[in-house]
Amino acid sequence: MAASGGGGGGVAARRRFCGAAKQITKSNLAAALGEIESRVRGCDFVAVASRRTGDSSSSSSGAGDRRRWRRVLGADTAETAYLKAKRAAESFELLQLAVCPFRLRGSKVLAFPYNFHLFPRDELNMGMPSYSFSCQTSFLTSMAREGFDFNLCVYDGLSYLSRVQESMSRERIPIPHVGRLSSSSSPPSTRSSVADSIFMGRVKSRVEHWRKAAKEPSNAAEGSLVKSLRKLILGGDEYGSRPCLIIDVCSDHQVQLALEAVSHISDELVPIVVPEKGGEPTAVRVVLTSSEDDKNLLMAEIQKMEDEQNLKVRGFREVIDLISSSQKPIISYNCMHDFTFIHSKFLGPLPPTEHEFMCSLRMAFNNVIDVGHLLKEIGPLRRAKNIPSALSYLKRRFFVPVDLEIPFGDENGEKSDGHDVLRLVRLFAKLNHLLKITPDCQTQPGDQSTQIEDYSNVFYPTYTSVQEHEDEENIGVGVNTNVRKVSTENLVFLWGFGETSANDLKHRLKGYHVLFSEEFELRLADNTCAVVVFFRPGAAEELLREIGSGSASAENMASEGLKAAGFEAYKKVCILGLWDADLADSLESVLAEPTSDHAAVPAEVLWSGELMLDINDLLES
Amino acid sequence: MMMMMRRRRSEWRLVRACSRTLTLTLTLGPSRPISSGEAGGSGGGAAVKKVTRWNFAEALEGLRARVREADFVAVDLEMTGVTTAPWRDAFEFDRPDVRYLKLRDSARSFAVVQLGVCPFRWHAATSSFRAHPHNFYIFPRKELPIDGPSYEFLCQTTSMDFLAKYQFDFNTCINEGISYLSRAQEIEALRKLRPQYEDSSAAPSHTFEELGDIPIVSTADLLFTERMKNRFTEWREGILRSPSEDSSEESLKFSTVQFQTVFFKMRPAIMLNGFSSHQLKLIQLILRKHFKDLLYVRTVGEDGTWQKRVVYTDSEEDKASLLKEVQEDATRSTVSRVRSAVGFRHVIDLLASEQKLIVGHNCLLDIAHIYNKFIGPLPSSMAEFVLAVHEIFPYVVDTKHLLNSSQGIQYFMKKKSKSLSSAFSLLCPAVSSPSKNFGTSSHVKVEVESDEAGSSCFSSGAKHEAGYDAFMTGCVFAQICCHLGVNFELLSPSANLTKIDRLAPYINLLYPAWNSGTVINLSTGTEKPEPGYKRNYPPVVFSKVILVWGFPSKLKPKDLKESICKVFGPDSVTSIFFIDSTAALIQLSKEEFVNDFLLLKDTLERKDDAISVLHPLSVLLEGGNTRAGNYDTYRDICAASASKFLFADQADAVGTTCKRKLDFGSRDSAGSSETTEVETISPDVKRLEGLKPDPKKQSSRPLSCEDILDSLYASKSLLGKRMRSA
């Protein structure tokens, strides 16, 4: 089933994508895991795409949200955009993650799309993976329109725990494991006290005695009474089909002592530490194996049990770990959003700054490629607002044949889930061809092609715009006219103007202060606050200074109730996470804080006339 | 899921088949007296009418008549969650204002996904009640192009699991749920939509001028303007030419590839599709500058999106009349669209206007949800809330309270669980398990009526489905009335249940929370202790309470007590309650200890000498994150809207907001609460300092090799990014 040609998912293409992805839920994860692992190991790239209950990017659907300044604005730096993505990742939930390992051979793409249905289930009754999550109704309705099955998700979705949550749960949900002598601390025998050596001696004699008895050829004719008596006297028990002895312990120290004692006796003995709720060990089970093979068999059995238990605890995260350990380059369209979600759901809590986030993420995924960033490499595509528009542009302008083959059969019927990730794969394959990127494994010496590393781990803050431009002119012309780089020093946040439109406000401002007769741009961040960009460096500073000192020229503004702050105040709002109020209120509360005097480091934002929304855009959506 | 649905449906078919035969034998007409035994099945359900947005209008009309003639209406809700964080749970010793804040937080955060309404009417001829259970699926869809309330809601994972366990159909809810606007939202929508239509559809002079100064800065804009100008000219000329000329028609078609020529109010028009808002502005500018007879008109289409057209008008008069028509249309359609967006609230308005007795089971949270979703934002205090509710629903009765407070029922229930379903099976065995034969005398008969015509939307109800729960609540209420000695036989058809002496003492008395031990009177707003409630904790004196959070997690209650007792004396700690693992409320024996504690803590933190390290309280302050405040601090933290999972995180996040309020608000606060202010501010200030790039701090921290590598790597990629974008 090869779907060739471009097309932003025409009817035919969509049909073909229907059922292309394997749907994975609670019932079939365990069975599919092995297969997924081999696909991931054998592929060049892994593409991921997610479905969430809400987002921080500005999409048409988000317009109903009163606090729309929480979305990524044109006035956001990488830092503040990260903080917004962080808020979104912490409040919303992942309902689906499509994972598609694929191989790239020239124009031929071999893809294995899997669609994982997720739902956070508090299976351990500990408020994990999440106690509650937020939903944007607009997200849910648009997902519903595409036929998303919410019942499948809530009833059968896979649960998970992040790595951090798993280690927290380990303390409370104990799993018996093979005891290993800790090498880090000095062996207990070197600093043994009298009590310790008595304990070890007792363990040793008990185990030896029991072992001797257990090794004796058991009398088949022995009655059940004798058997239970023997059990009672020797303290022996059975571990599966093997004899075992339980040694009661009350601390980690005693566990180490017992392990050491056992290790000196025989290689046939396998000690298993049985912890209790709260993480404290309660007993060491010593299992007697009959031979080296038998021991290996037992170890394998225990390993299998541990794996099963792990799968139960980790759930879907097994897949994330598997992708992480494969070290394959990961392809995503909206990396900042997808990976803040992935980090907070499957790795651990998001760090407070973007830099720390990137470092922390790199530990798990060292090679992430943002297709949004790749698009910037091809000038005209810079303004493509989403995957379909980029695909349709490519289709018109370039001849890039891509032959997408999905070896799975069409077995799953009428499900459209999962085609997002296939579109992403297709787009990446085309860009890859145009930009001549080669994956590591295919690099030949003297090759002129670009290394994939040059593109990895650069996240481009993506804005999804209100309108989709399918129109050629819109993408073709005026690439650099609307987007310009603006230093954060030139931004002023204004509020206190009442309900108005951006144009109205702009008009009014001209009467308030002489600085507004200069060239400036203005956009509404939400109903209460506007962002002004001055094109002359220093103008913003001047204005803020005059307002701050209450000079006569700013009186007009003050008497109108207008207030202003610089980018630092806005950044502080983001850092403090004052998301729950209108931007004006949040800025107000930050200004009320005692000011701290540290030099602000100016940064750059990509100011785009198109990106910021004015009130009419919002009303039209 | 499909399997289940199918199963349910076939079950229903079975039930219906049964009912038909029985109806024949009993000749009872369309009503199915389930008290006599057929609707049982496995679920013991009753025919519950499922209402979605597809059959809402019709169901609403039906319901109007049913409610009008009903003796009482039972109501039940299903929500997406109850508590936003573990520490938001209701605690027995919560002060009434805190209890209300928790209730309000819950009602504001979660969504209502199902609402059951079940009118009951006494039918003298058959000596039984007739019930009409309705199960409404509800979903807050954005239906108007305005900024709504928060179209964002929380889901508590355990509640979602619970709903799933009882086979709640999320797909129906999201796809077909009925949307709504509260009364406050409706007013806001009318206010916001009206002027907007008027401005935009017409071309008032001020917009003209405003648009006049859009600078055409880029060549792209210039090109676009020229191209559009040409196209409009061509199109206009095409219209003006006689339509009979074949060649011109062809050229018309040819030249207007991008334009879809349509007719608007009998005038030729173009649909403007696929333009950006900036381009639309340019188009308006072109029209005003160059085409006096072309008019830009924006209307709302049937699907609720804006439709933008350019319309040709013959003359100035024609133009004026078009403008008038469009404006009138807009006003009309605004009103009707807002009306239809009101959606499910019509049901609530119906219940309010009919002033019937509303019956719920432990229903204060339900009422808070109803108020928040369908009336307006919840007031700031319990008293205001309760009185506002009383104005809308003058008669409310809570079956949970009835079960607890009437002695006869108490005896009958014999300490059984007072959950709705257990009360139902105990009190109404004839309805819940009709197969068994019970004595008829003491049991009120209830029949469920369903019209045969629209039977496809009926399902056999099940526990924890709002419609069926409302039905059970109503049955329990009818049975309790019977036990209280209300004789329905003797009631005249027009009699008002709320006026019956035996029932009157129970009306408008609700529980503020399941474990408050008090009852609130909706008509007076007063809260009284409930007689016979057994408290687990002694009453708390709130002025003696300190709130401590952020202390080392290893501390157990006894450690806290020990450390405080060492300072204030062996009997200084009355009780300790852990809100969650990060915070505790501690009641001290004397009121002045609260202030002393806060002051002492502050001094200890400021000093960093050996004495303060050895101070008994340092156990508590270890780690430097320990904060404290009095009970009002606790209330302020509960009042905040955000909900972090851990109390300590919430308290830290609230820090700045708290402070802001105190800055603007009360300056006259006493010494003790001033200390509190200091305490609430500090976490955020500290946190902020921690985040600042402080070179000294960073260099003093030992850097691991990995850290250095990471930062190098990051700077390389950042550098790359900058170079590429340059």
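This structure is a prediction, so every number in the text was calculated from the model and none was measured. Below, read A as the first sequence line, B as the second, and so on, with proteins coming before strands; counting in each chain starts at 1.
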Kindly determine whether B/Arg191 and B/Glu188 satisfy salt bridge (Lys or Arg N to Asp or Glu O under 4.0 Å), including the steps that lead there.
CA-CA 5 Å; B/Arg191 189 182 70 80; B/Glu188 181 76 0; 3.3 Å; yes

Between A/Phe92, A/Phe133, A/Phe119, who has the most heavy-atom pairs with chain B when the cutoff is under 4.5 Å?
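Looking at each option in turn, the highest pair count goes to A/Phe133.
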
Contact between B/Cys155 and A/Ser132 at the side-chain level, heavy atoms closer than 4.5 Å - yes or no?
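A side-chain contact under 4.5 Å is absent here.
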
Can you find a pair of side-chain heavy atoms, one from A/Phe520 and one from A/Lys506, that are under 4.5 Å apart?
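A side-chain contact under 4.5 Å exists here.
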
Between [X] and chain A, which part of the residue has a heavy atom less than 4.5 Å away: side chain, backbone, both or neither?
{"X": "B/Thr84", "result": "backbone"}
{"X": "B/Ser159", "result": "neither"}
{"X": "B/Phe224", "result": "neither"}

Heavy-atom closest contact (B/Phe110 atom, B/Leu154 atom, distance):
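For B/Phe110 versus B/Leu154, the nearest heavy atoms are CD2-O, 3.2 Å.
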
Residue selection (most heavy-atom pairs with chain A, distance under 4.5 Å) from B/Pro86, B/Ala640, B/Cys173:
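Option with the top pair count is B/Pro86.
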
List the steps and the verdict of side chain to side chain contact (heavy atoms under 4.5 Å, CB included) for A/Arg121 and A/Met128.
CA-CA 7 Å; A/Arg121 236 172 279 283; A/Met128 297 195 293; over 6 Å; no

